Amino acid sequence: MPSSGITAVDAAAKGMKLERYASGGALLLRRATSAKLVSASSHLLFRATVLATLALVFLFTLHYPSLLSRSFHLSSSSSSSPHPSSSASHRSLLMSSSSSASASYGGAAWEKEIRRSARPSRNDGGISVLVTGAAGFVGTHCSLALKARGDGVVGLDNFNSYYDPSLKRARQALLASRGVAVVDADINDAALLEKLFDVAAFTHVLHLAAQAGVRYAMEAPQTYVASNVAGLVSVLEVAAKHADPQPAVVWASSSSVYGLNTDAPFSEDHRTDRPASLYAATKKAGEAIAHTYNHIYGLSITGLRFFTVYGPWGRPDMAYFFFARSIVAGEPITLFRAADGSDARRDFTYIDDVVKGCLGALDTAGKSTGSRSGKKSGPAPLRVYNLGNTSPVPVTRMVAILEKLLGKKANKRIVTMPSNGDVPFTHANVSHAAHDFGYRPTTSLEAGLRHFVDWFVEYYKLDVKIAKGARSAADKPAKKKKAAAAMSASS
């Protein structure tokens, strides 16, 4: 009996153990299964995160390749709406044909050509100027004027597609015919800039490269920061720390810095802390950056605030240019009025007057006082000037002059000025420029627009009768189609 009792107890104990083991095994199995599920979910989540990250990087690279590269490839089509609208066109602003400029330039022949172009031919020695944005509107005219008086000139431009690159190439060909070499490269390519200063001892830099336009800044803000801020820093860095001796720098600011200022005429002494557009803000930032490089590194820096420059070889995104195109093509034009009903007014300044101002600023710039070692011998000049015509004209008056010169009425649509960065009027006070280097604009809007229309008709190969208004009613449709086709072919 005793042994029988022990056996029963043992059996019961073993049964309880087996039950616990079975229960524990099930628990372990459930835990193991749960762990496997968690592990599998984690792997799936990790893979999904990696794929999503790669997709974002891919998309970012497609749309903003310049932000992922060592240097930005930016600077500055010709229609009434000249700005690129598609994503492909937008990307073309962020890339240029000079994507590995510093690697592709160099060699004995290239250096010889740069030295030749940079060498002054004047008996008194002259100056040697690196002109950025040389294939742009103001850059081309300044380069031609410098070369014509015997100064050395080397140009730099990245020929981006903000407006018709073929117009920039035509300007480049004009410069080449006068002996000015233009390097196809970007101002943010520091290695290329350093190489240029190693090859030629530039005494001055005329920095005109920039992303222009007020309204386009709402579509592509990154291009303005990359060109107008980072690009300016790139040029000043090389001028301050690599060039030996340091050059004097003259650069293009803008009348847009006056922004919401209502005091007129605009004076360099007026406040400029209320920009009305991102473009204006980048130019105002440029003026602050210029102050910093002058203060720390002793660079001689002069900023020029241009007021609505116009004339032959101009920019197709400017109103006078695309108004002329639209009038010839029979397309409507949009004119803005201020909220109070008054016409928008601009201080239109003819290109020849602006060129005289740029050359005057270069000639009186004064020397930089810094060195590559970082030491400066004293304060260097820091200046800013308005370059305008001093007489604002209603935009409607400008259109009336174009109508007369082109012999055709415009199809006008008048609307209230939107809040897109434009301002109702501009008006320059140029007394400081007049005092310091004799700047005195002399070209009336009528005379300046006549010069522009003469060039416009010749460049786009329009029938001369269109410009003089001497065509019959019978041949208007044919001539209209011919003119529109000519301008489209040139775009």
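All residue numbers in this chain count up from 1 along the given sequence. No experiment lies behind these values; they were computed from the predicted model shown. The figures here come from the full heavy-atom set of this structure, side chains too, leaving out hydrogens, waters and symmetry mates.
- A salt bridge links Arg305 with Glu287: the distance from a Lys NZ or Arg NE/NH1/NH2 to an Asp or Glu carboxylate oxygen falls below 4.0 Å.
- Listed by chain and number, the residues in a side chain to side chain contact (heavy atoms under 4.5 Å, CB included) with Ser177 are Leu174 (sequence neighbours excluded).
- Here side-chain hydrogen bond (donor to acceptor under 3.5 Å, both in side chains) pairs that include residues 123-132, with residues two or more places apart or in two chains, are Arg122-Asp124, Thr132-His207.
- Within the 4.5 Å cutoff, no side-chain heavy atoms of Leu156 are placed close to those of Val182.
- For Ser431, the side chain to side chain contact (heavy atoms under 4.5 Å, CB included) partners at least two apart in sequence or on another chain are Asn429.
- Side-chain contact between Ile333 and Val399 is present, with at least one heavy-atom pair separated by less than 4.5 Å.
- Looking only at side-chain heavy atoms (C-beta outward), Met318 and Phe323 stay at 4.5 Å or farther from each other.
- Put simply, the side chain of Tyr350 reaches to within 4.5 Å of the side chain of Pro312, judged on heavy atoms.
- Looking only at distances, no side-chain donor or acceptor of Ser227 sits under 3.5 Å from a matching main-chain atom of Gly231.
- The side chain to side chain contact (heavy atoms under 4.5 Å, CB included) test applied to Ala434 returns no partner, not counting sequence neighbours.
- Judged by the 6.0 Å distance and 45° axis criteria, Lys241 is not positioned over the aromatic ring of Tyr293.
- Between Arg169 and the choices Asp157, Asp164, Asp184, the salt bridge (charged side-chain N to carboxylate O under 4.0 Å, His left out) rule is met once, by Asp184.
- Atoms CG and CD1, on Leu236 and Ile301 in that order, are 5.0 Å from each other to the nearest 0.5 Å.
- Listed for the Asn228 side chain is no donor-acceptor partner under 3.5 Å among the backbone atoms of Tyr279.
- Considering only heavy atoms from C-beta on, Ser256 comes within 4.5 Å of Val214 through its side chain.
- Counting heavy atoms from C-beta outward, Leu304 and Ser253 have side chains that stay 4.5 Å or more apart.
- Within the 3.5 Å criterion, the main-chain N or O of Ala239 finds no donor-acceptor partner in the side chain of Tyr297.
- Among residues two or more places apart in sequence or in another chain, the side-chain hydrogen bond (donor to acceptor under 3.5 Å, both in side chains) test is passed with Tyr385 by Arg383, Asp436.
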Exercise answer: donor-acceptor pairs, residues 441-453 side-chain atoms, under 3.5 Å, sequence neighbours excluded:
unit_1: Thr443; atom_1: OG1; unit_2: Asp353; atom_2: OD2; d: 3.2
unit_1: Ser444; atom_1: OG; unit_2: Ala447; atom_2: N; d: 3.2
unit_1: Glu446; atom_1: OE2; unit_2: Arg397; atom_2: NH2; d: 2.8

